[in-house]
A.B. asks: 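Just passing along the structure, written as C-alpha cells.
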Amino acid sequence: MAAVSGIRALMKVPHLLILQQSFRLTPLQLASTRHCSGSNGLKLPSDTENKSLLENLSLLGVDVKMVRQRQPGVLRKAFTNEMGLAQFLQEKGASHKIIASIVSRYPRAITRSVKHLEQRWQLWRNVFNTDAEIVSILGRSPEAFFRSSDNENLEKNIAFLISLGLNSKDLHRLLTTAPRTFSNSLELNKQMVEFLEDICHELGGNDPEQFAKSVISKNHYILIRSTKRVKANIDNLKTFLKLSDAKLLALLQGHGADILDLSNEYLKKNFKNIEQKIILLGCKKDDMKKLIINYPMILYIGPSTLNSKLDCLLKGGITIKQILEKPKVLDYSTQNITERLKELQRVGYDFEKNGINILDSSWKRFAAKIEKLSDLPEE
C-alpha cells in the first residue's frame with residue numbers, strides 16, 4: 001500500500017523534494033535521485049545491484065526483470081536519476097504507466113541528467129509542435145529519444161538535415177523510424193549525402209541536391225546504411241533491369257528509393273525468385289522488368305511470402321496479367337487476400353468483367369462494396 005500511495009503522489013506533486021518525500025525515501029535512496037552518472041558513471045562491484053535503485057524502480061512500477069534482461073549494468077550504477085527522470089516526464093504529460101514502460105524498455109534513460117533532458121527536449125521541440133507528440137513517441141520507442149547522449153551532435157544533424165530542404169514531416173519520420181540517423185556523426189551523414197549527389201552526377205542528373213533530398217525523404221533508413229550497400233544495390237538494379245542511366249535515375253528518384261537500404265543478398269535472392277516465378281507463370285522477362293519498375297516494393301517481399309500471395313490470387317480466379325497491371329494488391333497479407341477473395345466469391349464478383357481494383361482498397365471501402373453487392377438481386 002505504501003508503494004501505491006507513493007505512485008499516486010508522483011502523479012500529483014510537481015516538486016522533486018515533495019516527490020521524494022511522498023516515496024518515503026531514505027537519505028541513501030535520495031543519493032540516486034540527486035546524482036546522474038551519465039553513460040560512464042560509477043558502478044558498484046560487478047555482482048552487486050544498487051538496492052536503493054531497485055527500491056526506487058519498484059516504487060515507479062518499473063519491470064526490474066526486463067531491466068535485467070535489457071541493460072543489467074544500469075542496476076549496478078552507484079548514481080542514477082530515476083526520480084528526476086520521472087518528475088521531468090511527468091511534467092511533460094507522461095503518465096505513471098508510460099514512465100514505468102520507458103524505464104523498463106530502455107533502462108539507460110535513468111542515467112540522463114535533468115539538464116541533459118531539458119536540452120534534448122528543446123531540440124525535439126524544434127521539430128515537433130507539442131510535448132504530447134514527443135511523449136507519444138517515447139511511449140512507443142524510448143530508444144528514439146534516449147539512445148544517444150550527445151545533444152550537440154543531435155543539434156548539428158537537425159540543422160544539417162533542414163539545410164537539405166527536408167521538411168518537418170520528413171524530420172518527424174526520421175526521428176521516429178530511424179533515430180540512429182541523429183546519433184550518427186555529422187560527418188557520416190554528410191558522407192551519404194555527398195555519395196547520393198555523386199550518383200546523380202554519374203547518371204547524368206542536373207540537380208544532385210534535389211536527388212539526395214528526394215531519396216532521403218522516400219527512404220528514411222538510408223542514412224543508417226553504408227554507402228557500400230547502397231552502391232551495390234544501385235549497380236544490381238542497373239544490371240538486373242538493364243536500364244539506361246536516365247531511366248535508373250528516374251527509378252531511384254521515385255519508388256525505387258524505397259529498396260536501396262535492403263541487404264544486397266536479400267535483393268538478389270528476391271529478384272531471382274521473381275524472375276523464376278514470373279517465367280513459370282508464362283510471362284516474359286520484359287513483363288518482370290515492367291513489374292519491378294512499376295512496383296519496386298515487390299523486392300521487399302521474401303520468396304515464400306510472394307509465392308504464397310501469387311498462388312492465392314491465381315487460385316482465386318485472378319490472372320497473372322491482372323496482377324502485373326495492378327501489383328499493389330501484393331501489399332496485403334496472404335490472409336487478408338484470402339478473406340477478401342472468399343467474400344467476393346460469396347457475392348459472385350466477376351474479376352474478368354470488373355477488374356481487381358476492389359482488392360486494393362481499405363477494409364471500410366471493401367466492406368461497403370460487399371454490402372452493396374450483397375443487396376443486389378440475383379440474376
Side-chain angles (χ1 to χ4, degrees), residues 10-11 13-20 32-41 60 71 74 79-103 105-190 193 216-217 220 223-224:
L10 168 62
M11 297 297 101
V13 184
H15 301 296
L16 182 57
L17 180 59
I18 302 176
L19 178 86
Q20 293 166 340
S32 68
T33 67
R34 289 198 299 266
H35 303 280
C36 178
S37 62
S39 59
N40 297 312
L60 291 171
Q71 294 165 355
V74 169
F79 302 111
T80 50
N81 189 36
E82 61 279 0
M83 292 307 188
L85 173 69
Q87 187 201 17
F88 177 85
L89 293 175
Q90 177 198 355
E91 291 173 351
K92 299 301 183 184
S95 67
H96 163 69
K97 184 178 180 180
I98 288 177
I99 294 170
S101 176
I102 287 171
V103 178
R105 289 180 292 144
Y106 201 81
R108 277 201 291 270
I110 66 173
T111 67
R112 308 297 189 236
S113 69
V114 171
K115 181 180 179 181
H116 168 91
L117 293 170
E118 289 171 345
Q119 290 173 342
R120 174 145 296 218
W121 200 273
Q122 186 54 53
L123 289 172
W124 274 53
R125 276 303 305 270
N126 291 337
V127 177
F128 296 93
N129 294 322
T130 66
D131 287 343
E133 287 181 89
I134 302 177
V135 169
S136 176
I137 293 168
L138 265 62
R140 297 194 307 271
S141 175
E143 182 183 9
F145 187 87
F146 293 104
R147 185 177 189 275
S148 168
S149 61
D150 191 337
N151 284 339
E152 183 179 356
N153 187 61
L154 171 63
E155 184 174 17
K156 288 178 179 178
N157 273 320
I158 290 175
F160 172 63
L161 294 170
I162 290 174
S163 75
L164 298 178
L166 296 174
N167 58 34
S168 59
K169 186 177 181 181
D170 291 321
L171 293 176
H172 285 200
R173 289 177 176 171
L174 283 167
L175 275 170
T176 53
T177 62
R180 278 178 50 202
T181 297
F182 298 88
S183 56
N184 280 349
S185 68
L186 178 61
E187 290 70 28
L188 192 60
N189 284 336
K190 284 184 174 180
V193 171
I216 295 169
S217 65
H220 297 110
L223 290 167
I224 59 175

A.B. asks: For a 4.5 angstrom cut-off between non-hydrogen side-chain atoms, does Ile110 reach Val74?
C.D. replies: yes
A.B. asks: Under 3.5 Å, side chain of Ser101 to main-chain N/O of Ile98, donor-acceptor pair present?
C.D. replies: no
A.B. asks: Please report the closest heavy-atom contact between Ser141 and Arg105, naming both atoms and the distance.
C.D. replies: N-NH1, 4.4 Å
A.B. asks: Write down the atom of Ile216, the atom of Val193, and the distance for their closest heavy-atom approach.
C.D. replies: CD1-CG2, 3.9 Å
A.B. asks: Measure the spacing between NZ of Lys97 and CD1 of Ile102 and express it to the nearest 0.5 Å.
C.D. replies: 13.0 Å
A.B. asks: State, to 0.1 Å, how close Ala178 and Ile224 come at their nearest heavy-atom pair, and which atoms those are.
C.D. replies: CB-CD1, 4.2 Å
A.B. asks: Under 3.5 Å, side chain of Thr176 to main-chain N/O of Arg173, donor-acceptor pair present?
C.D. replies: yes
A.B. asks: So which heavy atom on Asn153 is nearest to which on Leu186, and how close?
C.D. replies: OD1-N, 3.5 Å
A.B. asks: Are more than 12 heavy atoms from other residues, nucleotides or ligands located less than 6.0 Å from atom CD of Glu133?
C.D. replies: yes
A.B. asks: Would Arg120 and Phe146 satisfy side chain to side chain contact (heavy atoms under 4.5 Å, CB included), going step by step from the backbone distance to the final call?
C.D. replies: CA-CA 9 Å; Arg120 174 145 296 218; Phe146 293 104; over 6 Å; no
A.B. asks: Are the side chains of Leu89 and Val135 in contact, using a 4.5 Å heavy-atom criterion?
C.D. replies: no
A.B. asks: Which value, rounded to the nearest 0.5 Å, describes the distance between Trp124 atom CH2 and Ile137 atom CD1?
C.D. replies: 5.0 Å
A.B. asks: Could you walk me through whether Asp170 and His220 pass the side chain to side chain contact (heavy atoms under 4.5 Å, CB included) check?
C.D. replies: CA-CA 8 Å; Asp170 291 321; His220 297 110; 4.0 Å; yes
A.B. asks: Could you grab the distance from atom NZ of Lys92 to atom CG of Leu117, nearest 0.5 Å is fine?
C.D. replies: 9.5 Å
A.B. asks: Shortest non-hydrogen contact from Arg147 to Ser183?
C.D. replies: NH1-OG, 3.0 Å
A.B. asks: Can you check side chain to side chain contact (heavy atoms under 4.5 Å, CB included) on Leu85 and Arg112, steps first, answer last?
C.D. replies: CA-CA 8 Å; Leu85 173 69; Arg112 308 297 189 236; 5.9 Å; no
A.B. asks: Is any side-chain heavy atom of Ile158 less than 4.5 Å from a side-chain heavy atom of Asn126?
C.D. replies: no
A.B. asks: I'd like to know whether Gln122 forms a side chain to side chain donor-acceptor pair (under 3.5 Å) with Glu118, so could you lay out the CA-CA distance, the side-chain angles of the two residues, the decisive distance to 0.1 Å, and finally the verdict.
C.D. replies: CA-CA 6 Å; Gln122 186 54 53; Glu118 289 171 345; over 6 Å; no
A.B. asks: State, to 0.1 Å, how close Ile99 and Gln90 come at their nearest heavy-atom pair, and which atoms those are.
C.D. replies: CD1-N, 3.9 Å
A.B. asks: Indicate yes or no: at least one non-hydrogen side-chain atom of Asp150 is less than 4.5 angstrom from one of Leu154.
C.D. replies: no
A.B. asks: Say you draw a straight line from OG of Ser113 to CZ of Phe88; how long is it, rounded to the nearest 0.5 Å?
C.D. replies: 10.0 Å
A.B. asks: NZ of Lys190 to CG of Leu164: how many Å apart, nearest 0.5 Å?
C.D. replies: 10.0 Å
A.B. asks: Show your reasoning for whether side chain to side chain contact (heavy atoms under 4.5 Å, CB included) applies to Asn189 and Asn157.
C.D. replies: CA-CA 8 Å; Asn189 284 336; Asn157 273 320; 2.8 Å; yes
A.B. asks: At what distance, to the nearest 0.5 angstrom, does CG of Leu223 lie from CZ of Phe160?
C.D. replies: 8.0 Å
A.B. asks: Here's a test for you: under side-chain hydrogen bond (donor to acceptor under 3.5 Å, both in side chains), which of Gln119, Lys115, Lys156 qualifies with Asn151?
C.D. replies: Gln119
